[in-house]
Protein chains: 2
Amino acid sequence: MTHTTGARSGRWLTPYELATWRAFIETAEQLRNVLGARLREDSGLSEGDYAVLLALSEAEGRRLRSSALAAHIDWERSRLSHHLGRMERRGLIAREECEDDNRGAEVVATAEGMSAFRRATVPHLRAVRELFLDALTPEQLDAVAEITAVLRDRLPPRP
Amino acid sequence: MTHTTGARSGRWLTPYELATWRAFIETAEQLRNVLGARLREDSGLSEGDYAVLLALSEAEGRRLRSSALAAHIDWERSRLSHHLGRMERRGLIAREECEDDNRGAEVVATAEGMSAFRRATVPHLRAVRELFLDALTPEQLDAVAEITAVLRDRLPPRP
DNA sequence: GCGATATGATTGACGTGTCAATCAGCGAAG
DNA sequence: CTTCGCTGATTGACACGTCAATCATATCGC
């Protein structure tokens with residue numbers, strides 16, 4: 001079934017349009033879920049944990065200001081705060097006071113956190129290759145890049 | 001930047017591959033979030049509420065067995081149970097006992113639930129058109145359909 | 001210096017999702 | 001008929017996310 005099957009830019013959605021929309025959203029979500037489950041099995045980390053530890057692992061001294069970390073991974077500050085609380089309880093990161101600004105907090109990856117992150121990396125990237133990259137031809141990968149770019153352009157800017 | 005820029009099917013991910021992967025996942029999630037926020041503004045419903053009410057609205061007598069509903073929208077049973085509890089509290093659905101099987105429960109959309117659903121439908125479909133369909137050429141829409149199909153084929157089957 | 005305001009970060013309340021455990025009713029084996 | 005297992009559905013514990021409120025510290029205007 002292709003776009004030649006029905007009228008397209010009218011006011012209402014054709015079954016094909018609706019199905020394609022749903023397929024897009026649901027496939028992305030299922031991929032996320034499968035990757036997340038594998039990550040958890042391999043390393044005990046969630047996707048959020050992985051994102052935080054990745055950012056910290058790339059930072060000077062494995063540490064970042066909380067606000068810089070939030071900006072880097074594009075999370076809301078309160079989301080990060082809650083998540084860091086959970087990660088701290090599990091010993092993956094630690095919070096330290098900031099020297100030059102007493103309001104600020106610095107987040108540091110612990111040895112345990114870095115260890116879990118290293119354990120996660122290779123299987124995680126392998127899973128991305130297997131479930132996503134290997135499924136697509138080079139042309140399809142380019143199409144994904146192009147399509148996500150035009151979709152992003154339409155998205156309202158985020159505060 | 002295209003696939004001609006670097007080696008592609010080696011063991012590790014190129015920056016292009018990684019960026020395209022991330023763009024795919026993040027764009028889909030941002031789209032979901034924006035659509036969900038609009039839905040909430042327009043009708044006070046969440047995406048979950050919408051999915052449940054859509055299924056009920058298409059069912060005989062606006063009612064379904066709980067298990068049939070779960071299968072229809074592809075949700076885990078416990079997820080549905082929790083969600084129905086919240087929807088029931090808000091008066092969007094009601095649960096009734098099933099006549100032929102005393103274990104079973106039937107879920108019915110209330111008048112209030114159907115009203116909210118009708119209020120949601122048009123703006124929701126319009127948002128899908130604006131943010132997704134109108135952003136893509138017919139060829140790009142076909143590409144999405146094709147790409148999601150091949151990705152789904154790789155996904156492990158769900159229990 | 002001091003008061004108003006802005007900024008960094010946390011908190012509480014609540015909706016959402018998963019997993020494992022539970023419970024009640026149904027139905028077949030004996 | 002009763003016991004055992006299967007099925008429909010719910011529950012509790014907990015992870016995750018958002019929103020609005022809060023709190024402490026910095027900083028600006030005077």
Side-chain angles (χ1 to χ4, degrees), chain A residues 26 29-30 32-41 43-52 63-90 92-108 158-159, chain B residues 26 29-30 32-41 43-52 63-90 92-108 158-159:
Chain A
E26 286 165 15
E29 183 159 4
Q30 287 174 33
R32 255 180 71 96
N33 288 342
V34 172
L35 270 279
R38 290 208 188 172
L39 196 56
R40 182 173 188 75
E41 288 164 19
S43 62
L45 299 178
S46 69
E47 294 185 68
D49 301 334
Y50 185 83
V52 166
R63 73 177 52 227
L64 279 175
R65 286 289 294 269
S66 188
S67 52
L69 177 53
H72 195 282
I73 60 183
D74 195 24
W75 279 17
E76 288 198 10
R77 301 157 71 43
S78 96
R79 175 184 179 185
L80 180 60
S81 209
H82 284 298
H83 202 92
L84 291 179
R86 292 186 293 262
M87 291 181 75
E88 193 171 31
R89 256 193 284 131
R90 292 191 288 147
L92 298 171
I93 58 106
R95 281 146 146 156
E96 295 176 6
E97 289 183 6
C98 187
E99 303 223 334
D100 46 319
D101 187 338
N102 284 328
R103 290 168 303 187
E106 276 197 332
V107 184
V108 195
R158 301 219 272 162
Chain B
E26 286 165 15
E29 183 159 2
Q30 286 175 33
R32 254 180 71 94
N33 288 342
V34 172
L35 270 278
R38 289 207 188 172
L39 196 56
R40 183 172 188 74
E41 287 165 20
S43 62
L45 299 178
S46 69
E47 293 186 67
D49 301 334
Y50 186 83
V52 167
R63 74 178 49 228
L64 279 175
R65 286 288 294 269
S66 189
S67 52
L69 177 53
H72 195 282
I73 59 182
D74 196 25
W75 279 18
E76 288 198 10
R77 302 159 72 43
S78 98
R79 175 183 178 186
L80 180 60
S81 208
H82 283 298
H83 203 93
L84 291 178
R86 292 186 293 263
M87 291 181 74
E88 193 171 29
R89 255 194 284 131
R90 293 191 286 146
L92 298 172
I93 58 107
R95 281 148 147 156
E96 295 177 5
E97 289 184 6
C98 187
E99 303 222 337
D100 46 319
D101 187 338
N102 284 328
R103 291 167 302 188
E106 277 197 331
V107 185
V108 195
R158 300 219 271 163

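In what follows, every heavy atom counts, from backbone to side chain, and hydrogens, waters and symmetry copies are set aside. This is a predicted model, so every value here is computed, not measured.
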Using a 4.5 Å cut-off on heavy atoms from C-beta on, say whether the side chain of A/Arg86 contacts that of A/Arg89. yes
So A/Leu92 and A/Val52, side-chain contact (heavy atoms from CB on, under 4.5 Å) or not? Walk me through it. CA-CA 10 Å; A/Leu92 298 171; A/Val52 166; over 6 Å; no
Atom pair CG/CD of A/Asp74 and A/Glu76 - distance to nearest 0.5 Å: 9.5 Å
Who pairs with A/Arg90 by salt bridge (charged side-chain N to carboxylate O under 4.0 Å, His left out), at least two apart in sequence or on another chain? A/Asp49
Quick one: A/Glu96 CD to C/dA9 C1', roughly how many Å, whole number? 16 Å
Please list each protein N or O that sits under 3.5 Å from an N or O in nucleotides 23-25 of chain C, with the distance.
unit_1	atom_1	unit_2	atom_2	d
C/dG25	N2	B/Arg103	NH1	2.9

So do A/Ser66 and A/Arg77 actually touch side chain to side chain, heavy atoms under 4.5 Å? no
With sequence neighbours excluded, residues passing ring pair (Phe, Tyr, Trp, His ring centres under 6.0 Å) with A/His83: A/Trp75
Close approaches to DNA chain D from residues 72-88 of chain B, in residue order (heavy atom, under 4.0 Å): B/Arg77, B/Ser78, B/Ser81, B/His82
Quick check for you: to the nearest 0.5 Å, what is the distance between A/Glu26 atom CD and B/Arg32 atom CZ? 9.0 Å
Contact class for B/Arg90 (heavy atom, under 4.0 Å): base, sugar-phosphate, or nothing? nothing
A/Glu29 CD - C/dG17 C1' separation (whole Å): 10 Å
Is any side-chain N or O of A/Arg65 closer than 4.0 Å to OP1 or OP2 of C/dA9? yes
Output for pair (B/Met87 CE, B/Leu45 CG), nearest 0.5 Å, gives 7.0 Å
4.5 Å side-chain heavy-atom contact, B/Leu35 and B/Leu39: no
Outermost contacting nts on DNA chain D, any atom under 4.0 Å from chain B heavy atoms, listed 5' then 3', are D/dT7 to D/dA13
Side-chain donor-acceptor pairs of residues 95-104 of chain A under 3.5 Å, sequence neighbours excluded:
unit_1	atom_1	unit_2	atom_2	d
A/Arg95	NH1	A/Glu88	OE1	3.0
A/Arg95	NH2	A/Ser81	O	3.2
A/Glu96	OE1	A/Arg63	NH1	2.9
A/Asp101	OD1	A/Arg103	N	3.0
A/Asp101	OD1	A/Arg103	NE	3.1
A/Asp101	OD2	A/Arg103	NH2	2.9

